[in-house]
Participant: 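Take a look at this one; I'll ask things after.
For ligands, and for the atoms within them, numbers begin at 1 and follow the listed sequence. Bear in mind that the values here come from a model prediction, so they are computed numbers and not experimental data.
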Amino acid sequence: MQHLRIKSLQEYQETYQKSIEQPEQFWDEVANNFVWRKPWDKTLEWDFAKPEVKWFKGGKLNITENCLDRHLEERADKTAIIFEPNNPNEAAQHITYKELHSRVCQFSNVLKANNVSKGDRVCIYMPMVPELAIATLACARIGAVHSVVFAGFSAKALASRINDSACKVLLTADGGFRGDKITPLKSIADEALQECPSIEKTIILNRTNLEVTLTENQVWWHEELEKVNDVFEAVEMDAEDMLFILYTSGSTGKPKGMVHTCGGYMVYTAYSFLNVFQYQENDVYWCTADIGWITGHSYIVYGPLLNGATTVLFEGVPSYPDFGRFWQVCEKHKVNQFYTAPTAIRALAKHPTSLVEKYDLSNLKTLGTVGEPINEEAWHWYDEHVGKMNCPIVDTWWQTETGGIMMSSLAGVTKDKPTFATLPLPGIQPILMGTEGIEIMEQVAKGRLAIKFPWPSIARTIYGDHERYKQVYFSTFKNMYFPGDGALRDEDGDYRITGRVDDVIIVSGHNLGTAPIENAINEHEQVVESAIVGFPHDIKGNALYAYVILYNDVLPSEFLKIEINQLISDKIGPIAKCDKIQFVSGLPKTRSGKIMRRILRKIAINELDNLGDVSTLLNPEVVEEIIKCRI
Ligand code: WT7
C-alpha cells in the first residue's frame, strides 16, 4: 500500500486533479491494491436524488482478509495492536498480526456457535480492550453487522439502539475500567435487556472481576472460547453488503443508524489513513478515541490494520493517574502519530506544561485532531508543547456519515494552518453554498458546506429509514450531500469549518442533538416543555444551557435541576448533562410554534444587543423575562 502514499505537494495536486476528472479510474487504481475474491463489474453507480450510491458493484471480498490474512506473509510477527491498560501498572500487551488473526478466527467460531450468521446484527457494548477490536473484526469475518454502542451510554440509550436494528446477540463485559472507577456494564446491559426482545444471547467478557450473575441465555466469553478452535474461513461479502451500523445523534429524538458497506469503506479508510497521517511501515500510531465512535472504527481498527500498521488501543482516560498519562504512553510506546480531540487538548493545556515536558516525545512525527473546530490557543499549545514546533498538525474534518476523513492537510506534505481543516482529500469535492441554495463561486467566502460527488465510504442509508436519510442529507441542496456544517474558504482555497448550522451541539467532541435531550427533560412529570442551546465552554468547546418550563404549581428548585440532569443521564448518558438550567414561564416561538433557538442562543452567551426583531414572535414578552433571569 505504501506506494499509494502521496509524498509532495505537487503529487497531491496532480492526484487530486485526476481524482475529480476521472474519479472511477482513480478509485479503480486504489481499489486494485486490496484482496478481492472477485473483481467488481462497475466502479460507481450513483444518484443523489434517490439517493443511491454503489461502489465496486459486483465485487466480492471480506474486509478481514485485508486487515489480517494478507499480512501473514510479511508481517506475521509484527505488532498489530499495542494494548495499554487503564492501570499504568498493568502490563501492556503486544498482539501480533498472527495472534490477532488467530483470535479473530476463534471468536468468529464463538459467534457461529452462538447462532450468528451473515446479515445478523450484533450489538457490542464493551470497554476499550483488545476483545472489543477482536469482536468487531469477528463480526466482519462472519458477515454479521456490528453495531458498537459506546460504553458510556445509559441502559435506555443502549436498548433503543439494540431495538432499532433488532440485534440478535449482545457482546458486553462485567465492567469497564475508567480512571479510578469501574462502569458496571453488565448491570446496565441487564437493565437494557428488559426491553430488548430480539436479543437471544449475551456473551460476557470478564474484565474487572465484578461480581455478576449470569441468567438464562448469558454465557462467559472465556468459556465459549474454550469450546472452539481458531480456524475460520472468512465469509464472502458483496462490496455493497452491510459492514456495520453506527448510531449518531440527529435533530429528532431517534438516533440515526448510519449504514456502512464493505468495499467502499475498506478502500477509503485505508487510503485516507495512509495519506493523512503519512504512516510508514514501522511507525507506531495512536488514536485516543473510543471504538464506540466512528473515529475508533475507521482509525483505530480498520484504517490502520488495512495498512498493516501498529495501532495503540488505550483503555484509560487522559487524567489518570494524572494529566500526564497521554505523554507517558507516547514515550512508553514510542508513538509516531498521535491523534486526539480538541476537547482533550484544551483540558490538558489547563495543567502545568511540566506534565508534558517530563516525557520524551521525540518520536512524534504527526499530530492530529478531530471532532470539532480547534481554537487557535489549543492549536498553538499542541504545536509548541507536544509537537515542539516540529510536527505537522492534521486537523481532520469528517463525520460518522462520511466514514472517513474528508478534509485535512496531509502531514508534512500539504501545509497545515491553525484552525483550518485546509484541503479536501483526493476524491472529495466540497463546495460552499449560499443562503439561496446557489453555489458560491468566489474564492474567499463563507457558507454552508456541501459535497457534490460521492466518495467510497459515504454512508448508504439510515438503517430502516431511507426516507430520513434522504431528507436529512440530500434535500437541503439538490443533488448534493449536506453535512450540516458551515465553513469559510480563504484566499489559498483552504477551508475552515465554522461549526454546525443545525440543531446538533458538539460537547466535548460528542455530537448531541437538542431533540433527544429535550425529550428526556420533558419526561419529567413537573416539566411542560424545554429548549436546549449550546454556549462556549473553555474545555468542552460547548456546554448545554436548558430553558425549562415547569407546571404552574411547581416551585423551581436546585433539587429539580439535579433531577433533570439525572433524567438526562439515565436516558442518554452523563455526557449530555446541562451545565445551566433556567426555569422560564415560556419559550420564544414563531407563529407556527417553532422554538426560536437563535434567540435563546444569544441570551445564553449574553449577546443581547442583536436579538433581531422579536416583535413577530407569538410571545415577545417572554424574551424580556428570560433575559432578566439568565444564569
Ligand atoms: C461533526 C461530526 C469525525 C469523527 C468524530 C465526530 C464536527 C468533526 C471536525 C473538525 C471542525 C469538526 C462537525 C461534524 N467535526 N471534525 N476537524 N473541525 N468540526 O464525528 O460525531 O459524526 O460528528 O463533528 O460538525 O459534522 P461525529
Side-chain angles (χ1 to χ4, degrees), residues 148-150 152-153 244-251 255-260 265 268-269 272-273 276 287-303 339-346 367-376 378-379 382 393-409 416-425 428 430 448-451 457-459 462 472-473 476 481-488 494-513 516 534 540-542 572-573 575-576:
V148 183
V149 175
F150 173 59
F153 275 122
F244 65 85
I245 301 169
L246 185 62
Y247 287 88
T248 187
S249 317
S251 44
K256 299 173 290 196
M258 304 313 306
V259 170
H260 285 283
Y265 179 81
Y268 195 80
T269 52
S272 53
F273 170 77
V276 169
C287 165
T288 70
D290 192 288
I291 294 176
W293 310 115
I294 190 71
T295 311
H297 281 59
S298 302
Y299 300 112
I300 296 179
V301 181
Y302 289 111
Y339 189 31
T340 195
T343 185
I345 299 169
R346 286 191 299 266
L367 301 178
T369 71
V370 60
E372 59 183 311
I374 181 163
N375 49 309
E376 192 98 32
W379 196 97
Y382 201 28
I393 298 180
V394 294
D395 177 347
T396 63
W397 173 76
W398 57 299
Q399 313 176 291
T400 305
E401 295 85 338
T402 68
I405 297 167
M406 301 288 280
M407 282 203 244
S408 171
S409 54
D416 59 18
K417 188 184 280 185
T419 77
F420 280 75
T422 73
L423 298 172
L425 263 65
I428 307 303
R448 285 178 293 173
L449 203 54
I451 316 286
S457 65
I458 183 175
I462 291 174
V472 176
Y473 304 105
T476 310
Y481 171 81
F482 175 53
D485 284 318
L488 64 79
D494 285 328
Y495 287 88
R496 168 199 218 152
I497 311 301
T498 47
R500 303 292 308 190
V501 294
D502 56 11
D503 288 336
V504 171
I505 306 171
I506 301 188
V507 178
S508 299
H510 300 309
N511 190 332
L512 301 172
K540 301 183 194 178
N542 293 293
I572 300 161
I575 47 177

Participant: Can you list, by chain and residue number, every protein residue with a non-hydrogen atom closer than 4.0 Å to ligand 1?
Facilitator: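 Residues near ligand 1: I294, T295, V370, G371, E372, P373, D395, T396, W397, W398, Q399, T400, E401, D485, I497, R500, I506, N511.
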Participant: According to side chain to side chain contact (heavy atoms under 4.5 Å, CB included), who are the partners of L423, at least two apart in sequence or on a separate chain?
Facilitator: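 Testing L423 for side chain to side chain contact (heavy atoms under 4.5 Å, CB included), a comparison that skips the adjacent residues, returns Y12, D494.
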Participant: Is there a donor-acceptor pair closer than 3.5 Å between any side-chain N or O of S298 and the backbone N or O of T295?
Facilitator: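 No; zero donor-acceptor contacts below 3.5 Å.
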Participant: Under the side chain to side chain donor-acceptor pair (under 3.5 Å) rule, collect the residues that match up with Y339, sequence neighbours excluded.
Facilitator: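 Counting only residues at least two positions away or on another chain, Y339 forms a side chain to side chain donor-acceptor pair (under 3.5 Å) with T396, W398.
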Participant: Under a 3.5 Å cutoff, is there a donor and acceptor pairing between the side chains of W379 and D395?
Facilitator: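 No, no side-chain donor-acceptor contact under 3.5 Å.
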Participant: Among residues at least two apart in sequence or on other chains, which ones pass salt bridge (Lys or Arg N to Asp or Glu O under 4.0 Å) with R346?
Facilitator: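 Scan of R346 (salt bridge (Lys or Arg N to Asp or Glu O under 4.0 Å), adjacent residues dropped) gives E372.
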Participant: Classify the side-chain pair Y247/T400 by whether it contains a donor and acceptor separated by less than 3.5 Å.
Facilitator: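 No, no side-chain donor-acceptor pair sits under 3.5 Å.
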